[in-house]
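Reading through the structure tokens given below for one structure.
None of these values were measured; they are calculated from a predicted model.
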Amino acid sequence: MKPLLSETQDSDSLQTLGRASLQIIHDLKNQLNGLKLYATFLHKRLEEGDRPADELETVNKLIAGLDRSASDLSTLVQYCRPVEVKKQPGVDLQKIMRGVVSTLTNGTRATGALFGPMVIDAEPVALTGAFDPVALAEAFKLITVGAMKLHHKKKDDGTLTVRLRREVTERKTAAVIEWQPLNSLDHDPFRSFAGSDEIRMSLAAKIVEAHGGSAEHRKGILWVSLPLK
């Protein structure tokens, strides 16, 4: 029978495994970039040779798939690394959330709206605390994008609602953010690597947890809690 490892040995093994995984991810990303280079070269040759449109479309799909895979690997690299937050006092969570929703729904002149309609339902109370505004803006964006995709899967033409409220208990005061209604899931997207969206939402949850908060999936609702001071 294999002897049990001590907590120190177990921790060292996990750290070694983490470093090895990170190196493997880096190597895979480099290989994908090499494949993309060859695919791009092939696409250029097909264009110059006046090849059929379906051949060019196939190569375009190949390049797009390589781009998605490389992006997923970049997110995994971020996830494997420790989250370093640079907290600032008096950061307004409502302001961050409104900025994220505005960017996704309005877009730019070039791209237009990135997603369908969203509304913010916020209580008229201050939701300020010591947070890293840049890190949380990225986390809120990743969660909102995932929520909108889940909302579309629900086949509901209605509007995705983002609710912000203050929750006071005997132990703490927290800001609660909810994205709803969503398509029901058989897994927690904050604790899954089942797809590109889940990878990004797992990273978002890690950023929230680095602020002392939590992220959960509750029967058609994405739920985030962050401590207020």
Side-chain angles (χ1 to χ4, degrees), residues 75-107 114-151 154 158-185 187-193 197-229:
T75 305
L76 283 174
V77 170
Q78 286 182 270
Y79 184 87
C80 291
R81 290 172 175 164
V83 176
E84 296 182 1
V85 296
K86 299 178 180 179
K87 293 184 179 180
Q88 303 175 18
V91 174
D92 186 349
L93 296 180
Q94 287 197 32
K95 182 178 180 181
I96 295 176
M97 193 71 251
R98 291 183 187 280
V100 168
V101 170
S102 175
T103 299
L104 294 176
T105 54
N106 296 327
L114 301 179
F115 290 99
M118 283 184 276
V119 296
I120 293 181
D121 179 10
E123 290 183 350
V125 294
L127 299 177
T128 57
F131 304 111
D132 183 332
V134 176
L136 280 184
E138 178 65 16
F140 290 171
K141 177 183 177 182
L142 295 175
I143 296 172
T144 304
V145 170
M148 180 54 74
K149 291 182 178 180
L150 289 172
H151 180 69
K154 192 174 184 294
T159 300
L160 175 69
T161 300
V162 183
R163 302 187 187 280
L164 296 96
R165 58 185 175 84
R166 180 191 289 263
E167 186 175 82
V168 180
T169 65
E170 294 181 357
R171 294 185 177 182
K172 65 178 182 179
T173 300
V176 174
I177 307 172
E178 299 171 332
W179 291 258
Q180 57 179 297
L182 309 176
N183 186 43
S184 60
L185 292 173
H187 65 281
D188 184 350
F190 290 122
R191 305 290 182 273
S192 171
F193 294 92
D197 295 325
E198 282 82 354
I199 292 173
R200 285 161 177 74
M201 291 177 68
S202 295
L203 174 60
K206 190 174 181 181
I207 294 173
V208 170
E209 290 163 0
H211 286 81
S214 60
E216 303 175 22
H217 174 247
R218 298 182 173 183
K219 295 182 179 180
I221 297 175
L222 297 181
W223 185 91
V224 165
S225 175
L226 286 160
L228 298 176
K229 293 185 179 178

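Minimum heavy-atom separation, I221 to E178: CG2-CB, 3.8 Å. Taking both residues in full, the closest heavy atoms of A204 and I143 are given as CB-CG1, 3.6 Å, listed atom of the first, atom of the second, then distance. Of all heavy-atom pairs between I207 and A135, the closest is CG2-O, 3.6 Å. A137 and I96 make their closest contact through CA-CG2, 3.7 Å (heavy atoms, listed as atom of the first residue, atom of the second, distance). Nearest heavy-atom pair, A215 versus V224, reported as atom, atom and distance to 0.1 Å: CB-CG2, 4.0 Å. The shortest heavy-atom contact between L160 and Q180 is CD1-O, 3.5 Å.
Interatomic distance, CH2 of W223 versus CD1 of I177, reported as 10.5 Å (0.5 Å rounding). Distance check, rounded to the nearest 0.5 Å: CZ of R218 to CG of D188 gives 11.0 Å. From M97, atom CE reaches atom NZ of K95 across 15.0 Å, with rounding to the nearest 0.5 Å. A distance of 7.0 Å separates CG of L127 from CG of D92, quoted to the nearest 0.5 Å.
S202 has its side chain out of reach of R191: every pair of non-hydrogen atoms, C-beta onward, lies at least 4.5 Å apart. Annotation: side chain of M118 is not in contact with side chain of H151 (no heavy-atom distance under 4.5 Å). Counting heavy atoms from C-beta outward, R166 and L228 have side chains that approach closer than 4.5 Å. Using a 4.5 Å heavy-atom threshold, the side chains of K86 and V134 count as separate. By the 4.5 Å heavy-atom criterion applied to side chains, L222 and M201 are counted as neighbours. L136 places a side-chain heavy atom less than 4.5 Å from the side chain of L226.
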Exercise. Please report the C-alpha distance between R165 and E167 in whole Å, then the side-chain angles of each, then the deciding distance to 0.1 Å, and finally whether the salt bridge (Lys or Arg N to Asp or Glu O under 4.0 Å) criterion is met.
Key: CA-CA 7 Å; R165 58 185 175 84; E167 186 175 82; 3.4 Å; yes
Self-check item: side chain to side chain contact (heavy atoms under 4.5 Å, CB included) between E209 and V83, worked out
Solution: CA-CA 9 Å; E209 290 163 0; V83 176; over 6 Å; no
Self-check item: Steps toward side chain to side chain contact (heavy atoms under 4.5 Å, CB included) verdict (V162, F140)
Solution: CA-CA 11 Å; V162 183; F140 290 171; over 6 Å; no
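A distance-only check finds no donor-acceptor pair linking the side chain of H217 to the backbone of F190 [under 3.5 Å]. Between the T103 side chain and the G99 main chain, a donor and an acceptor come within less than 3.5 Å of each other. In this structure, the side chain of T105 engages the main chain of V101 through a donor-acceptor pair within 3.5 Å. The closest donor-acceptor contact from the side chain of S225 to the backbone of G213 lies at 3.5 Å or more, if one exists at all. Looking only at distances, a side-chain donor or acceptor of Q94 sits under 3.5 Å from a matching main-chain atom of E123.
Using bins of under 30°, 30° to 60° and over 60° for the plane-to-plane angle, the ring pair F193/Y79 lands in the perpendicular bin.
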